Amino acid sequence: MTSRANGRHLEALVARMTLDEKIGQLTMRTANMAVTGPVGAGEYLDGVRAGRIGSMLNLWGADWVRKAQVTAVEQSRLGIPLFFGFDVVHGHRTTFPIPLGEAAAFDPGLWQRTARAAAVEAAADGLSLTFAPMLDVARDARWGRIAESPGEDTWLATRFAEAKVHGFQGADLTAPDAVAATPKHLAGYGAVLAGREYAPVDMSARTLREVYLPPFRVAVAAGAAAIMPAFTDIAGLPMTANRPLLHDTVRGEWGFDGVFISDYNAIAELIHHGVAGDLAEAAALALNAGIDIDMMSDAYPKGLSTALARGLTDIATMDAAVLRVLRFKQRLGLFDDPVARGTDLAPATMAAHRALAREAARKAVVLLTNRNAVLPLAARMGRIALVGPLADARTEMPGPWRGAGAPDEAVSILDGLRAARPDADIRHAAGAAIDGGDDDEGRIAEAVALARDADIAILCLGEAAAMSGEAASRAAPGLPGRQGALADAIFVLGKPTVLILSCGRPLIATDAIARADATLVTWFLGSEAGHAVAEILIGAASPTGRLPVSWPAALGQVPIFHARRPTGRPPRAEDHYSSKYLDVPVAPLFPFGHGLSYGDVTYRALRATPETVERDSTVAVTVELSNDGDRAAEETVLLFVHDPVASLSRPLLELKGAVKVAVPAGGAARAALSLDMADLAFIGLDGAPRVEAGVYEILVGPSADEATLLRATITVM
Ligand code: GLC
């Protein structure tokens, strides 16, 4: 079963391959166990046997994978093993919070642990690659894939990138529990026009390099073995045909030696982009740009031989791609043992993953408001009316990209609260369908009657999982259906009311949030959703999550983010001629980094030393914290910088560090961070990165609300 190969042998193997076999190694086909794209596929084993398929996606389960692998290794002419990819984006059989929710934890250690657990489960199912982490900086709540992103901030996204690549790949990519990471979607996909899915993208070269590329560069430095370019273009050049970026920058400058895997059917879609007249031209553009593997389009299998015959590409370019694919398979250990991946996991392992999912879910929850300390719920909770379409919604809790998890394996909020308080009187009514239903009026009346007789109402509102993720842009990302009417009918009762938002994006729900006594954002928390929410509600755990995206007050503000550049006319309410709206505020409803705890933490005594520093050194930053509350808190301390005078206009705030600090009730703590002057670099007018001398502001606090930040200055020589 094993066909040993090493560096030298791979070149010899390529030399033995027919043209069809070479094209086969560059062709990825789906087995359709999950449908993740517009074109389907038929039977695949014949293609494997004939050497027309070199890798597969959407096939998992040790037996199924083994059957396909044995077909390749024992029944094809050259016996080259396949690799198997799947979207293990936030978990495989155990589902963790969506990446936007995980980002709210501001916890690279956690991110790495959940990726490691997901890799163990995926590899046990025979998978050798995940199409993750998704690293698209996202600043537009209309875009459904903001759910899969690490949020709006580049620095946070780079930390997420590094943690996830290390988690998925582990220390040894040949290990039977390692899967190749595929950072995606290179690059700028999060900036689609008007937040519309797959829409054109336009941005400056500087914005691309300063905001959208760094997470991918860090992922490459962390050893990512594959990369997936985006469906989208930038300024008319589709990523799938973007040789300057893929070949010159990512391979040439960054030293990436892995494989580029196209997105689903993306090569053939170069025709729709209007840069290719047929499959042969599309295939040549992609191959010449450096795309090694064609996921699910007919361009390589049906267009490459014609492209060669027409001289649109050449055999040397193809052989180089084939060699990279073989080296990739060798790096995964597939030549040494093609079926090393695939095993049963011990119940204790799965139990540990569920416990990790509960920890991750708990840390993802963000407490936006908590008037009159209505949370945590009092020990003697009285009668609770748990109403709303997301209260008893197990199948929605995993969110989009639920991996191989069973649809109803997740714990609903109702399940979790009842398990946490078996003695409590918890009444439930859905109150409305998620996205509008015929009998909503009747269901609202039922929910109101329930709440009228209760001591407190908990409104579980938000989106369906299918309203989030890929192909799920929303032009009006508010509370869907009649949920707003349900909320209004509950608020007018005048009961203490807690609002819980299950969502894949910052929802425009300003009125409901204003009227609720407390609002929790629970994103889509995965398998252990209900238990984590219950722990926060009853105070078994204090909320520690922080917003990884600015939360808009109104749709018209979108895209809205903290790292914005100043204008020549900064917003001033008293100044007519200043940058603002007539009808909505400039500030978000809640800033990046916002999140309350059950403590009461204040910041003081910021120090940044030395105050004068050379460009190649580091500044030590400390701040003193005190907790005047009666509950312990875990504070996430954010470090921003601002360069007030530079050769180019620089963002008002740039996140350059974050640290989590435990602050005991009634106690104090010190947060310590360090800032490398190299981190102050930006892309200068000449296109080169530069750190400029001058005075910089150091701003430290809990969020990007400048009113909450302590300031110090340093001078760079
Ligand atoms: C989808 C997505 C991509 C995913 C791929 C395979 O269209 O764009 O993120 O990894 O196809 O499922």
Side-chain angles (χ1 to χ4, degrees), residues 27-41 44 53 55-60 83-92 98-100 115 118-119 122 125 127-138 143-150 161 164-165 168 179-192 196-199 201 215-216 219 224-233 238-240 258-270 272-273 286 291-297 299 399-405 465-466 468-473 504:
T27 300
M28 177 183 276
R29 281 290 180 264
T30 182
N32 262 12
M33 280 182 73
V35 176
T36 59
V39 288
Y44 53 84
I53 296 175
S55 53
M56 299 199 64
L57 76 152
N58 300 345
L59 177 68
W60 64 88
F83 73 85
F84 301 86
F86 185 44
D87 292 284
V88 183
V89 178
H90 50 102
H92 184 59
I98 55 171
L100 190 61
D125 263 348
L127 293 165
S128 33
L129 173 142
T130 175
F131 302 117
M134 192 272 211
L135 299 177
D136 298 304
V137 169
W143 190 47
R145 304 197 80 163
I146 193 170
E148 307 169 48
S149 82
K164 288 299 181 185
V165 169
F168 285 130
V179 295
T182 313
K184 69 184 184 182
H185 309 78
L186 182 80
Y189 187 4
V192 284
R196 177 165 52 86
E197 181 59 293
Y198 313 127
V201 173
F216 291 92
I227 293 178
M228 181 187 294
F231 288 119
T232 44
D233 73 339
M239 288 298 130
T240 305
V259 292
F260 281 110
I261 303 173
S262 82
D263 205 336
Y264 204 113
N265 198 41
I267 297 178
E269 289 167 8
L270 291 175
H272 294 313
H273 273 290
I291 302 283
D292 298 302
I293 294 174
D294 179 347
M295 180 195 289
M296 281 309 295
S297 104
W401 297 119
R402 61 184 61 207
S468 181
E470 185 176 1
S473 287

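Fair warning: this is a prediction, and the values are worked out from it, not measured in the lab. These values consider heavy atoms only, across backbone and side chains, with no hydrogens, waters or symmetry-generated copies. Read the numbers this way: they start at 1 and go in the same order the structure lists the ligands and their atoms.
Across every non-hydrogen atom of V165 and A219, the tightest pair is CG2-CB, 3.9 Å.
Under the ring-ring contact (aromatic ring centres under 6.0 Å, His included) criterion, Y189 pairs with W143, H185, not counting sequence neighbours.
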Contact table, ligand 1 N/O with protein N/O, distance under 3.5 Å:
| residue | atom | partner | partner atom | Å |
| --- | --- | --- | --- | --- |
| ligand 1 | 7 (O) | T36 | O | 3.3 |
| ligand 1 | 7 (O) | D263 | OD1 | 3.4 |
| ligand 1 | 7 (O) | E470 | OE1 | 3.1 |
| ligand 1 | 7 (O) | E470 | OE2 | 3.0 |
| ligand 1 | 8 (O) | R145 | NH1 | 2.8 |
| ligand 1 | 8 (O) | D263 | OD1 | 3.2 |
| ligand 1 | 8 (O) | D263 | OD2 | 2.7 |
| ligand 1 | 9 (O) | R145 | NH2 | 2.8 |
| ligand 1 | 9 (O) | K184 | NZ | 2.8 |
| ligand 1 | 9 (O) | H185 | NE2 | 2.6 |
| ligand 1 | 10 (O) | D87 | OD1 | 2.5 |
| ligand 1 | 10 (O) | K184 | NZ | 3.0 |
| ligand 1 | 11 (O) | D263 | OD1 | 3.1 |
| ligand 1 | 12 (O) | T36 | OG1 | 2.7 |
| ligand 1 | 12 (O) | D87 | OD2 | 2.5 |

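Under the 4.0 Å criterion applied to side-chain N and carboxylate O atoms, D87 and K184 are assigned as salt-bridge partners.
Just one of W401, Y264, Y198 meets the side chain to side chain donor-acceptor pair (under 3.5 Å) condition when paired with E470; it is Y198.
Annotation: side chain of V89 is not in contact with side chain of T130 (no heavy-atom distance under 4.5 Å).
Residues D233 and H273 bring no donor and acceptor atom of their side chains to less than 3.5 Å of each other.
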